[in-house]
Every structure is written in C-alpha cells, then in structure tokens.
Amino acid sequence: MTRKLQAIQGQDGVVTMYCCGPTVYRDAHVGNLRTFLLADLLSRTLQMVGLEVRLVQNITDVGHMAEDFSDVDKILAESEKTKVDPFEIARSYESKFHQDLALLNIKAADSYPRASEKMNQMISAIEQLIATDHAYVGTDGSVYFDATSFPSYGALSGNRLDALKPGHRYEYSDDGGKKFHADWALWKLAGTRTQMIWDSPWGAGYPGWHIECSAMSIELLDSHVDLHVGGIDLRFPHHENERAQSNSITGNETVTTWVHGEHLLFEGRKMSKSAENVVLLHDVVERGLDPLALRFTLLENRYRSQMDLSWASIEAAHVTLKRWRQLLAECGTDLECKFDSEISSAFTSDLDTPRAMQRLRAIEKDPTIGALDKRGFFLFADQVLGLDLNRLPESRELPSECKELLLRRQKARSEKNWAESDALRKELDDLGIEISDGVDGQSWQWK
RNA sequence: GGUCGGAUGGCCGAGAGGCGAGGCAAGGGACUGCAAAUCCCUCUACACGGGUUCAAAUCCCGUUCCGACCUCCA
C-alpha cells in the first residue's frame with residue numbers, strides 16, 4: 001500500500017480483478033458507466049499483453065439502497081408504490097445494466113454475484129470478524145466493525161482515524177449502537193422492515209454495504225485481488241472499510257492495487273439529480289448517436305482526471321468514429337492486427353488512452369503508411385479501445401420511397417432544376433439519408 | 001478544520017526541462033450549380049510573484065482562485 005503507481009503482476013499469468021457496482025435501485029448513468037469502462041479497459045489491456053483476467057463484478061441488490069441522507073430504501077419504496085416485488089424491481093435494473101454494458105462494448109465479467117445470494121458468505125465473514133475481536137454486537141443489537149482494531153485504517157484514503165470527526169452533516173439514526181463514530185455496520189437488524197431481510201445469528205436483518213465486497217472477493221477470487229476498481233467516491237469509506245474487513249479476515253493485504261476512476265461532470269457540473277444533468281446511455285441513443293461515440297469521448301480523457309462531458313463532445317466523437325470506420329472499410333478486409341509500440345505503450349502506461357487516440361489520428365493522416373498497415377494499426381488499437389472500428393457502414397436496405405426520391409433528384413439535377421434538387425435533398429435528409437454530389441453524380445449513405 | 005487534486009488559446013483538452021499535441025468552434029481558400037463531406041491555410045496559451053538552470057508550461061518556494069473526499073454516491 002503505497003498510494004503510488006505500481007506495475008500489475010498477477011500470478012502464473014492470471015490477474016484477478018474486482019469491480020464495485022452497480023447498485024440496482026435506479027438506472028446507471030454515464031458516469032457510473034465510465035467506471036465500468038475503466039475495468040473493461042484494464043482487462044483488455046492485460047489481455048493484450050498476454051495475461052489472463054478473472055473479473056468479478058458484484059450486483060448490490062440489497063442493503064445499500066438509499067440515495068440521499070433520508071435512509072429510505074429506494075427499492076422498498078418503489079415496491080410499496082408499484083406493488084411489484086422488490087427483487088423483481090432490482091432484477092429489471094440489473095438487466096438494463098447489462099444492456100448498457102453491451103451497448104458500450106464492455107466485455108462481460110466472469111461472474112456477477114448478487115449480494116442477496118451471498119448471505120451465507122457474508123454472515124460467516126461477520127462471524128469470523130466477531131471471533132477475532134474486529135467486530136462486536138452493539139447496544140442496539142446490530143453488528144459493527146471496530147475501526148480501532150485495524151491499525152492501518154486510513155492508509156488507502158489518506159484519512160487518519162483521529163482526524164475523522166463525528167459526521168457533522170448527519171448521523172445514521174440506526175447507528176446509535178456503535179462504540180466509536182468511525183465504526184460501521186456489518187449487520188443491521190430488521191427493525192420495522194419485513195421485506196429483503198434474512199435470518200442471522202444476531203436476528204433477522206440485512207447486511208451492511210461494505211461487507212458484500214469483502215465476502216465476494218474472498219470467496220470468488222481465492223482471497224486475493226490483484227486489481228480492485230471503483231469510482232473515486234468509493235475510496236472512502238467503502239474501500240477503506242472493505243480493506244479493513246478483508247485484511248482482518250485473510251490476515252494479508254488482500255488487494256494489491258486499487259484503481260479509482262475520477263468523476264464525470266456534465267456540462268461543468270457533477271452529474272446529479274438535483275443538478276438535473278443526469279445522462280443515461282439511453283439518452284445518447286435517443287439523440288441518434290452511436291453509443292460507442294460515448295465510449296470514444298470517454299477514451300479521449302484519462303481515467304483519473306475529472307472530465308467534463310458535453311453533447312458537443314459526443315457529437316464530435318460520433319462523426320470521427322464514422323470516419324474511422326469508413327477509412328478501415330476502404331483499406332480492405334484483412335483482419336490481421338499490426339503491432340504499434342506507441343499505442344501499446346500508451347495503454348500500458350497507466351492506461352493513457354488519449355495518447356493512443358492521438359496516435360491513431362496521426363496514423364490516419366500519415367501518407368507514408370499503406371492501407372493495409374493503417375488498417376492493421378487501427379485493428380490493433382481497437383482490441384483495447386473496443387470501438388468496433390471494423391464495423392461496416394450501415395447497409396440497411398433503402399426503402400422504395402427513398403429510391404424514388406433519389407431517382408427524381410438525379411433527374412432534376414440532370415435538368416439543372418436546382419430548386420427541386422435541393423428540396424429533394426432536404427426531404428431525404430429528414431429520412432436519415434445523407435446526399436453527397438461528386439463528379440460521378442450523387443451518392444448517399446445512412447446518417 | 002483535515003486530506004488530496006487542479007489552474008494551458010473562443011471552448012475541450014495532452015504535455016517527458018530544450019524542435020508550438022490534438023480536437024471542436026471560428027475565419028480564409030480549393031472543390032461544388034449550391035451545399036455536405038474532404039483537403040489546405042490562419043489565429044494561439046501556459047493563474048500570479050519569486051527561485052533553480054545555459055534553458056521552465058514542466059522542477060522548488062510562496063500567493064490567489066477552483067474542485068474532490070471527510071461516514072449518501074461510479
């Protein structure tokens with residue numbers, strides 16, 4: 001634990017990765033997706049250099065479902081309102097999450113364990129922590145982790161236990177049973193809840209948020225995580241607490257490297273409900289933009305810099321993406337990748353995707369590079385970029401109505417009836433067809 | 001108050017002490033019936049004050065401003 005850049009190693013050619021999220025009480029917005037993309041880019045880069053990756057990403061479908069300080073469980077509230085089973089609601093958000101990943105070309109993880117299905121593992125993790133005096137049953141009957149029992153608490157986030165003041169912003173009303181303000185709940189008693197609760201040695205209730213990641217990574221990745229990914233806001237308290245729990249259970253430094261993705265802003269402000277600037281992938285698609293144009297834009301910024309997203313930047317990416325695909329199509333059909341050391345080292349240098357993108361722009365313009373090589377370099381980069389650069393321009397069948405319009409325009413042009421020709425161009429444009437007039441007459445393509 | 005990041009042209013953004021990243025927008029030109037697309041050209045910056053150095057956007061010190069996290073969050 002150094003808080004410095006370090007090389008990723010893994011064991012026997014296998015790297016174990018764990019990525020936090022999502023919480024399935026609402027749609028994942030593009031900021032959430034940026035973090036999941038980070039895990040994908042890391043995984044693709046490791047595979048590029050010949051390592052095998054085992055990636056686990058948890059689905060938080062219970063226990064950590066409050067969006068603000070109100071402590072209202074979003075799923076239970078929605079269930080109350082719509083009379084739909086809470087697990088059904090969680091599953092529907094979960095399936096939307098998978099759809100979003102697919103649209104962004106994020107490769108599927110090896111497993112997506114659900115918190116609700118790992119109760120036994122969490123309960124036995126908590127039992128172990130109690131047995132080793134890292135946890136205790138509070139005066140309210142809930143179980144808490146004893147922060148002072150873990151000497152290096154704070155090493156990950158840079159916080160010091162003695163500098164962490166009792167939250168002046170608010171305090172959990174149900175955390176009254178703690179001994180120390182920095183302690184956190186491992187198991188919360190059900191109280192008035194009747195749904196999404198489980199039996200445990202301490203009574204019916206539900207797990208605290210942080211314990212699921214410890215329990216799952218220990219079980220599914222054999223007690224060792226080479227690379228742990230999450231958003232910057234999870235560094236504290238979530239990852240700090242997870243580290244304390246996991247290390248207390250395994251007796252080792254469970255996670256070798258923590259990687260945190262920075263926040264995404266939208267048009268200058270942090271994406272949030274109150275700022276009314278939450279953007280979903282669905283919104284991108286609805287504007288007629290390729291979802292991979294979002295991926296493109298995200299790749300043009302370093303993962304650990306705060307980035308300001310805007311519609312203008314996605315639209316610009318959409319155009320460039322189309323141009324690159326066109327370029328590749330013109331350069332043949334060969335599927336051979338061609339190694340480029342600059343691109344490769346950009347990826348392996350702390351995931352410098354902007355530099356890789358810049359290199360591609362240079363290759364695109366370079367007249368001394370032949371078509372086959374150009375194609376090869378782009379395909380090589382696309383292994384990590386995941387932009388479907390080899391996708392052919394859309395070949396959707398032209399409706400007869402449009403064919404008719406095209407013929408009429410051709411005729412108008414031959415008669416130099418420019419007014420008619422321009423009107424028809426506009427009409428076709430509205431139908432999603434882009435016209436260009438060259439020396440060989442008019443040609444068209446889908447926008 | 002504690003901890004950690006930032007500040008680069010109209011905008012977004014890379015920058016490895018030493019040949020002005022790149023993109024978007026804008027303007028001009030080529031091409032075009034006119035457009036679109038494409039190509040060419042143009043404009044141009046390192047928050048402020050010191051210091052180190054032959055040489056600083058880059059390293060050091062100070063100042064100002066902005067942001068993030070400090071028990072909700074990707």
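Not measured: the values here are computed from a predicted model. Residue numbers begin at 1 in each chain, while the letters A, B, ... track the order of the sequences.
- Side chain of A/Phe236, nearest nucleotide from B/C70, B/G33, B/A36: B/C70.
- For the C1' atom pair drawn from B/C31 and B/C41, the interatomic distance equals 15 Å after rounding to whole Å.
- Looking at A/His228, A/His239, A/Arg304 one by one, the single match for side chain to side chain donor-acceptor pair (under 3.5 Å) with A/His260 turns out to be A/His239.
- A/Asp437 comes within 4.0 angstrom of a base, heavy atoms only.
- Side-chain N/O atoms of A/His238 and base N/O atoms of B/U71 include no donor-acceptor pair closer than 3.5 Å.
- Residue pairs meeting the salt bridge (charged side-chain N to carboxylate O under 4.0 Å, His left out) criterion with at least one member in residues 306-317 of chain A, sequence neighbours excluded, do not occur.
- A/Glu240 and A/Asn159 are not linked by any side-chain donor-acceptor pair at a separation below 3.5 angstrom, with hydrogens and angles left out of the test.
- Side-chain N or O atoms of A/Asn105 include one that pairs as donor or acceptor with a backbone N or O of A/Gly386 at under 3.5 Å.
- Both tests pass for A/Arg193 against the ring of A/Tyr206: distance under 6.0 Å to the centre and angle within 45° of the axis.
- The phosphate of B/G13 has neither OP1 nor OP2 within less than 4.0 Å of any side-chain N or O from A/Ser313.
- Contact annotation: A/Thr23 reaches the phosphate of B/A74 (side-chain N/O to OP1 or OP2, under 4.0 Å).
- Using a distance-only test at 3.5 Å, with no hydrogens or angles considered, no donor-acceptor pair links the side chain of A/Thr60 to the main chain of A/Thr23.
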Which pairs, protein N/O on one side and nucleotides 64-68 of chain B N/O on the other, fall under 3.5 Å?
unit_1	atom_1	unit_2	atom_2	d
B/G67	O2'	A/Gln306	NE2	3.3

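- The A/His29 side chain lies nearest to B/A74 when the options are B/U71, B/A74, B/A14.
- Geometric assessment of A/Lys179 against the ring of A/Tyr144 yields a negative cation-pi assignment under the 6.0 Å and 45° thresholds.
- Contact annotation: A/Arg302 reaches the phosphate of B/G15 (side-chain N/O to OP1 or OP2, under 4.0 Å).
- For the pair A/Arg34 (side chain) and A/His263 (backbone), a donor-acceptor distance under 3.5 Å is present.
- Closest to the side chain of A/Asn301, out of B/A36, B/G33, B/A14, is B/A14.
- Residue-level contact check: A/Gly31 touches the bases, meaning some heavy atom is under 4.0 Å from a base atom.
- Between the P atoms of B/G62 and B/C19, the separation comes to 29 Å (whole Å).
- Here A/Ile435 lies in heavy-atom contact (under 4.0 Å) with a base.
- A cation-pi arrangement is absent between A/Arg235 and A/Trp258 under the rule of less than 6.0 angstrom and at most 45 degrees off the ring axis.
- Atoms CZ (A/Arg304) and C1' (B/C69) sit 18 Å apart, rounded to a whole Å.
- The CZ-C1' distance, from A/Arg235 to B/U3, rounds to 9 Å in whole Å.
- Following rounding to the nearest Å, A/Leu309 (CG) and B/G13 (P) show an atom-to-atom distance of 10 Å.
- Taking the P atoms as reference points, B/G28 lies 12 Å from B/A35, given to the whole Å.
- The salt bridge (charged side-chain N to carboxylate O under 4.0 Å, His left out) test applied to A/Glu364 returns A/Arg323, not counting sequence neighbours.
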For nucleotides 21-28 of chain B, give me every protein contact, N/O to N/O, under 3.5 Å, one pair per line with atom names.
unit_1	atom_1	unit_2	atom_2	d
B/A21	O2'	A/Gln358	NE2	3.2
B/A21	N3	A/Gln358	OE1	3.0
B/G23	OP1	A/Lys365	NZ	2.9

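- Of the C1' atoms belonging to B/C59 and B/G23, the separation is 29 Å, rounded to the nearest Å.
- In this structure, the side chain of A/Ser248 engages the main chain of A/Ala244 through a donor-acceptor pair within 3.5 Å.
- B/C34 atom P lies 13 Å from atom CZ of A/Arg409, rounded to whole Å.
- Remark: the backbone N or O of A/Asp110 is not paired with any side-chain donor or acceptor of A/Arg54 at under 3.5 angstrom.
- Between the CD atom of A/Glu240 and the P atom of B/G2 there is a distance of 19 Å, given to the nearest Å.
- In terms of polar N and O atoms assigned as donor or acceptor, the side chain of A/Arg425 comes within less than 3.5 Å of the base of B/A35 in a complementary pairing.
- Among the nucleotides B/C69, B/C34, B/C12, the one closest to the side chain of A/Asp422 is B/C34.
- Contact annotation for A/Ala182: base contact, defined as any heavy-atom pair under 4.0 Å involving a base atom.
- If you take CG of A/Asn241 and P of B/C70, they are 12 Å apart, rounded to a whole angstrom.
- Atom CG of A/Leu101 and atom C1' of B/A74 are 13 Å apart (whole Å).
- Comparing the P positions of B/A14 and B/A21 gives a spacing of 14 Å, expressed to the nearest Å.
- Helical stems in RNA chain B, defined as runs of 3 or more consecutive Watson-Crick or G-U wobble pairs with both donor-acceptor distances under 3.5 Å, are listed by first residue as B:1-7 with B:64-70, B:10-12 with B:22-24, B:26-30 with B:38-42, B:47-51 with B:59-63.
- Residues satisfying the side-chain hydrogen bond (donor to acceptor under 3.5 Å, both in side chains) test with A/Ser149, not counting sequence neighbours, are A/His134.
- Atom name C1', nucleotides B/U58 and B/U52: the rounded distance is 13 Å, in whole Å.
- As rounded to the nearest Å, B/A56 and B/U8 have C1' atoms that lie 14 Å from one another.
- Note: OH (A/Tyr303) to C1' (B/A14) measures 16 Å, nearest angstrom.
- Straight-line distance between the P atoms of B/C34 and B/G29: roughly 13 Å, to the nearest whole Å.
- At least one donor-acceptor pair under 3.5 Å links the side chain of A/Ser142 to the backbone N or O of A/Leu189.
- Residue contacts shown for A/Ser305 are limited to sugar-phosphate atoms, with no base heavy atom under 4.0 Å away.
- Both A/Asn159 and A/Arg413 sit near RNA chain B, but only A/Asn159 has its closest nucleotide nearer the 5' end.
- Within 4.0 Å of A/Leu264, counting heavy atoms only, lies at least one base atom of the nucleic acid.
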Report task. Under the side chain to side chain donor-acceptor pair (under 3.5 Å) rule, what do A/Tyr153 and A/Asn241 come out as? Steps first, then yes or no, please. Result -> CA-CA 8 Å; A/Tyr153 188 83; A/Asn241 294 0; 2.6 Å; yes

